[in-house]
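A quick write-up on the structure given underneath.
The shown structure was predicted, so the numbers you read here are calculated from the model rather than taken from an experiment.
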Amino acid sequence: MQNTYSTPRLLLNKIDLNDAEFISELVNTNEWIKYIGDRNIKSITEAKEYIQKIISDPNTNYWIVRIQGQQTPIGIITFMKRDYLDHYDIGFAFLSNYTKKGYAQEASIAILNDAIKNSSHKYILATTIKENTNSIQLLEKLGLRFYKEIQNKNRLLQVYSVSVDKLLIDQLTESFFNIFTNSDQQKPNWNTIHTICLPETIIIKKNANNEEVYNLNTFIEPRKKILSDGTLTEFMEYETSEETKIVGNIAQRFSRFEKKGQLNGTSFIGNGNKLFQFVKTSTGWKISSVIWEDDSLE
């Protein structure tokens, strides 16, 4: 894992002894004590001892999270192998003034995106207690799902899990939707479709009475034109829900999506269904086919 990660809004740095004052503050918040447990850290010296144990453990990673351009720490992200879990566990804790702003999700995604590059990780876990509904909501946003309950040190923990294959397929799907974005001065990256799809990928648009069948080139060309000549502007398309089934080295994903933009100067909102198929190749997961059907536009 890296010592430093940078996201659009945040900077993550590996914990060090200089973070003792912040750690002392964080572990003594009401939220930490209620949902994680009292670490009995009552002084800066004890905080430094706590940090030294973290630094000395090769299976434990803590990053201090700061807002870009600011020195004040706002939270932590952890990634560690706990002795009572079969796989690495991701965790997060933020000061209350910085919750519900998307910071924990943004920082967690940076760590997950790096972790899934390591082939030794097959699953990623997380633990919480059932009363911590905010934590559960975030874990579900990150793609983890309830796995089982376990007892640990007189606490009943909820274990959440996601396979690395699922996270990689999530990335592929998001990349496909993002290809066509030209809102907020973003330009479509047409080369992306060749890196995430097999060369022989088939793309089908289903209309009421017929089907339009494309290969990658015939699919891209007309869209490249309307997204660059002013016909379709401020366009973005994004997934709103999904169901993914992975069996061995093949997978299928049903997506509901929404899209919006301006067509010939007139604003519109639309939605529809997409069905993706994936295959795990020698170089990783690739999209092998896409079928979509639009609902009516507003």
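Classification of the Phe180-Phe219 ring pair by plane angle, with boundaries at 30° and 60°, yields perpendicular. Ring geometry, Trp292 versus Tyr214: the interplanar angle falls under 30°, so the pair is classed parallel (tilted spans 30 to 60°).
Looking only at atom types and distance, the side chain of Glu239 has a donor-acceptor partner in the side chain of Ser255 under 3.5 Å away. With 3.5 Å as the limit, one finds no donor-acceptor pair spanning the side chains of Ser175 and Asn178. Glu242 and Thr244 share a donor-acceptor pair across their side chains, judged by distance under 3.5 Å alone. Using modelled atom types, one finds a donor on one side chain and an acceptor on the other under 3.5 Å when comparing Thr281 with Thr283.
The side-chain heavy atoms of Gln277 and Ile250, taken from C-beta on, include no pair separated by under 4.5 Å. The side-chain heavy atoms of Ile23 and Glu46, taken from C-beta on, include no pair separated by under 4.5 Å. When side chains are defined from C-beta on, Ile74 counts as touching Leu10, because their heavy atoms get closer than 4.5 Å. A heavy-atom distance below 4.5 Å is not found between the side chains of Ile54 and Met80. Contact of the Phe254 side chain with the Asn273 side chain is registered, since non-hydrogen atoms from C-beta on lie closer than 4.5 Å. In this structure the side chain of Leu157 reaches within 4.5 angstrom of the side chain of Tyr84, judged on heavy atoms. With contacts defined as side-chain heavy-atom distances shorter than 4.5 Å, the pair Ile109/Thr7 does not qualify. Within the 4.5 Å cutoff, the side chain of Leu142 has heavy atoms near those of the Gln105 side chain.
Ile55 approaches Asp16 most closely through the heavy-atom pair CD1-CA, 4.0 Å. Heavy atoms only, all atoms of each residue included: Asp114 and Met1 are closest at OD2-CA, 3.8 Å. Summarising the geometry of Asn182 relative to Leu227, their closest heavy-atom pair is ND2-O, 3.2 Å, with the distance given to 0.1 Å. Considering every non-hydrogen atom in both Leu216 and Leu198, the closest pair reads CD1-O, 3.6 Å. Looking at every heavy atom in both residues, Gln68 comes nearest to Ser6 through NE2-OG, 2.7 Å. For the residue pair Leu156 and Gln151, the shortest heavy atom distance occurs at CD1-OE1, 3.6 Å.
Arg256 places a side-chain N or O within donor-acceptor distance of the main-chain N or O of Gly272, the cut-off being under 3.5 Å. At least one donor-acceptor pair closer than 3.5 Å links the side chain of Asn28 to the backbone N or O of Ile41. A donor-acceptor pair is defined here as one N or O able to donate and one able to accept, closer than 3.5 Å; such a pair exists between the side chain of Asn118 and the backbone of Ser120. Between the side chain of Thr201 and the backbone N or O of Ile287, at least one donor-acceptor pair lies under 3.5 Å. One N or O on the side chain of Glu106 and one on the backbone of Arg9 form a donor-acceptor pair closer than 3.5 Å. In terms of modelled atom types and a separation under 3.5 Å, the side chain of Asp57 and the main chain of Asn59 share a donor-acceptor contact. Listed for the Trp63 side chain is no donor-acceptor partner under 3.5 Å among the backbone atoms of Ile76. Of the possible polar contacts, one joining the Asn215 side chain to the Thr218 backbone as a donor-acceptor pair under 3.5 Å is found. Using modelled atom types, one side-chain atom of Asn61 and one backbone atom of Phe79 make a donor-acceptor pair closer than 3.5 Å.
If you look at Tyr123 and Tyr147, their ring centroids are not closer than 6.0 Å.
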Next on the checklist: side chain to side chain contact (heavy atoms under 4.5 Å, CB included) for Arg39 and Leu26? Distances and angles first, verdict last.
Outcome noted: CA-CA 11 Å; Arg39 294 295 185 261; Leu26 182 66; over 6 Å; no
Checklist entry - Between Leu139 and Phe146, is a side chain to side chain contact (heavy atoms under 4.5 Å, CB included) present by the stated rule, with each step listed? => result CA-CA 9 Å; Leu139 292 175; Phe146 176 76; over 6 Å; no
Item to check | Chi angles and distances behind the ring-ring contact (aromatic ring centres under 6.0 Å, His included) call for Tyr238, Phe177 | outcome: CA-CA 6 Å; Tyr238 46 91; Phe177 280 109; 8.3 Å; no
Item to check | Test log, rule side chain to side chain contact (heavy atoms under 4.5 Å, CB included), inputs Ile246 and Trp285 | outcome: CA-CA 11 Å; Ile246 304 171; Trp285 286 97; 4.1 Å; yes
Item to check | side chain to side chain contact (heavy atoms under 4.5 Å, CB included) assessment of Asn132 paired with Gln158 | outcome: CA-CA 10 Å; Asn132 194 350; Gln158 308 272 306; over 6 Å; no
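Around atom CD of Glu21, no more than 12 heavy atoms belonging to other residues, nucleotides or ligands sit under 6.0 Å away. When the shell of 6.0 Å around CD of Gln52 is examined, it contains more than 12 heavy atoms from other residues, nucleotides or ligands.
Among Arg253, Lys280, Lys122, the single residue meeting the salt bridge (Lys or Arg N to Asp or Glu O under 4.0 Å) criterion with Asp165 is Lys280. If you run side-chain contact (heavy atoms from CB on, under 4.5 Å) between Leu263 and each of Ile226, Thr233, Thr231, only Thr231 comes through.
Salt-bridge formation is detected for the pair Glu221/Lys224: a Lys NZ or Arg NE/NH1/NH2 atom is positioned less than 4.0 Å from an Asp or Glu carboxylate oxygen. Ion pair Lys286/Glu200 not flagged as a salt bridge, since none of the NZ, NE, NH1 or NH2 atoms sits closer than 4.0 Å to an Asp/Glu carboxylate oxygen. The pair Lys166-Asp170 meets the salt-bridge criterion, with a side-chain N (NZ, NE, NH1 or NH2) lying under 4.0 Å from an Asp/Glu carboxylate O.
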